[in-house]
Amino acid sequence: MRYELIIFDNDGVLVDSEPISNTLLAAYLTELGHSTSYEESLRDYMGSAMHRVHDLVEERTGQRLPADFDEVFHARVFAAFERELEPVPGAVQVLEKLAADGVPYCVASSGSHERIRVGHRKTGLDRWFDEGRVFSSQDVGRGKPAPDLFLYAAERMGVAPEKCVVVEDSPLGVQAAVAAGMDVYGFTAMTPADRLVGATRLFSDMGQLADLLV
């Protein structure tokens, strides 16, 4: 294994949550008078922390989202997760192999700790992620595309940034990994390859990741 730590993004990489959450986000923003399509939600918000939604809406319209926006949105998302969420195809096999081979790994997500945990419990991925392997944008001052989250995860896991590889599926995540001085493997199952500019390598089948990392 050429890396000492594998850092996974969560949404769209481990759990197949992006279609669910972006459908709901687009609908909720539209409901509030900020017309947003599913494609626009993916383009503008995929891979980002919630503060980006607030910032972009205010920047574009001069209006602030309701104070309870995050609470209402997450309630809708969590309810949908309980009904629909599945692991990304191939994610279980990758985690099984990394664990069996003793390769250090963790998750570093723009989502809240609660969102990560809800998704992992529903999909059964929680068996591979104890508290020491879970990092959220809540833990740092700035979310992606700032490098802070990935640098924090590497520090907590005791690995130098240049010895880490990040697995990402969003342009913001790729930018963050590059800014952190880490290699980044861009997952193209949902994101066109030309949007993951700067990725060290591109791949489309999560089940092949373990072999690509050797």
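Atoms considered below: every heavy atom in the structure, side chains included; atoms not considered: hydrogens, waters and symmetry mates.
More than 12 heavy atoms of other residues, nucleotides or ligands shown are found within 6.0 angstrom of CZ on Arg2. Surrounding CD of Glu155 are at most 12 heavy atoms belonging to other residues, nucleotides or ligands under 6.0 Å away. Summarising the local packing, CZ of Arg43 is surrounded by more than 12 heavy atoms from other residues, nucleotides or ligands at distances under 6.0 Å.
Atom CG of residue Leu29 and atom CD of residue Glu31 lie 9.5 Å apart, to the nearest 0.5 angstrom. If you take CD1 on Ile6 and CE on Met157, they are separated by 10.0 Å, rounding to the nearest 0.5 Å. Here Ser136 contributes atom OG and Ile116 contributes atom CD1; the two are 5.0 Å apart, rounded to the nearest 0.5 Å. Rounding to the nearest 0.5 Å gives a distance of 12.5 Å between OG of Ser17 and NZ of Lys122. A distance of 9.0 Å separates CZ in Phe8 from SG in Cys106, rounded to the nearest 0.5 Å. Separating the OG atom in Ser112 from the CD atom in Glu114 is a distance of 5.5 Å, to the nearest 0.5 Å.
Each of Leu5 and Val134 belongs to its own hydrophobic cluster when Ile, Leu, Val, Met, Phe, Trp and Tyr are linked at side-chain heavy-atom distances under 4.5 angstrom. Transitive grouping of hydrophobic side chains (ILVMFWY, heavy atoms separated by less than 4.5 Å) keeps Met46 and Leu25 in distinct clusters. Hydrophobic clustering (side-chain heavy atoms under 4.5 Å, transitive across Ile, Leu, Val, Met, Phe, Trp, Tyr) keeps Ile7 apart from Leu98. Linking Ile, Leu, Val, Met, Phe, Trp and Tyr whenever their side-chain heavy atoms come within less than 4.5 Å puts Val72 and Tyr45 in one cluster. If you chain together hydrophobic residues whose side chains sit under 4.5 Å apart, Val140 and Met50 never meet in one group.
Looking at Arg133, its side chain does come within 3.5 Å of a backbone N or O of Tyr105 through a donor-acceptor pair. For the pair Gln138 (side chain) and His113 (backbone), a donor-acceptor distance under 3.5 Å is present. For the pair Thr30 (side chain) and Thr36 (backbone), a donor-acceptor distance under 3.5 Å is present. In this structure, the side chain of Asp101 does not engage the main chain of Val103 through any donor-acceptor pair within 3.5 Å.
Each of Leu209, Leu14, Leu212, Asp9 was scored for a side chain to side chain contact (heavy atoms under 4.5 Å, CB included) with Val167, with one residue passing: Leu209. Residue Val174 forms a side chain to side chain contact (heavy atoms under 4.5 Å, CB included) with just one option from Val166, Val184, Thr200, and that option is Val184.
A tilted orientation is assigned to the rings of Phe78 and Phe81, their planes being inclined by 30° to 60°.
Here the shortest heavy-atom pairing between Pro87 and Thr123 reads N-CG2, 3.6 Å. Nearest heavy-atom pair, Gly143 versus Ser137, reported as atom, atom and distance to 0.1 Å: CA-CB, 4.3 Å. Taking each heavy atom of Leu24 and Val77 in turn, the nearest pair found is CD1-CA, 3.8 Å. The two residues Ala180 and Leu151 come nearest to each other via the heavy atoms O-CD2, 3.6 Å. For Met182 against Pro161, the heavy-atom pair with the smallest separation is CG-O, 3.3 Å. Closest of all the heavy-atom pairs between Leu202 and Ala193 is CD1-CB, 3.6 Å.
In this structure, Asp11 pairs ionically with Arg115, as a charged nitrogen and a carboxylate oxygen lie closer than 4.0 Å. Between Glu40 and Arg60 no salt bridge is recorded (no basic side-chain N to carboxylate O distance below 4.0 Å).
In this structure, Met190 and Leu42 have side chains that are in contact, with non-hydrogen atoms separated by less than 4.5 Å. Under the 4.5 Å side-chain criterion, counting only non-hydrogen atoms from C-beta, Phe187 is in contact with Val88. Residues His54 and Asp70 form a side-chain contact, since some pair of their non-hydrogen atoms from C-beta on lies under 4.5 Å apart. Looking only at side-chain heavy atoms (C-beta outward), Pro171 and Leu196 come within less than 4.5 Å of each other. Counting only heavy atoms from C-beta outward, the side chains of Tyr3 and Val159 never approach each other to under 4.5 Å.
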Can you check side chain to side chain contact (heavy atoms under 4.5 Å, CB included) on Leu32 and Phe69, steps first, answer last? CA-CA 10 Å; Leu32 293 172; Phe69 179 86; 3.6 Å; yes
Could you walk me through whether Val13 and Met206 pass side chain to side chain contact (heavy atoms under 4.5 Å, CB included), step by step? CA-CA 8 Å; Val13 169; Met206 188 57 65; 3.8 Å; yes
Assess whether side chain to side chain contact (heavy atoms under 4.5 Å, CB included) is satisfied between Asn10 and His120, documenting all intermediate values. CA-CA 9 Å; Asn10 189 55; His120 284 190; 2.8 Å; yes
Can you list the steps and then say if Glu131 with Arg117 is a salt bridge (Lys or Arg N to Asp or Glu O under 4.0 Å)? CA-CA 10 Å; Glu131 288 296 332; Arg117 284 301 179 201; 3.3 Å; yes
Before you tell me yes or no, could you show the steps for His34 and Leu65 under side chain to side chain contact (heavy atoms under 4.5 Å, CB included), namely the whole-Å CA-CA distance, both residues' side-chain angles and the distance that decides it to 0.1 Å? CA-CA 10 Å; His34 307 291; Leu65 291 171; 3.8 Å; yes
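When only modelled atom types and interatomic distance are considered, Asp169 and Thr191 share no side-chain donor-acceptor pair under 3.5 Å. In summary, the side chains of Arg52 and Ser110 do not present any donor paired with an acceptor at a separation below 3.5 Å, with no hydrogens or angles considered.
Between Phe135 and Phe150, the distance separating the two ring centers is not shorter than 6.0 angstrom.
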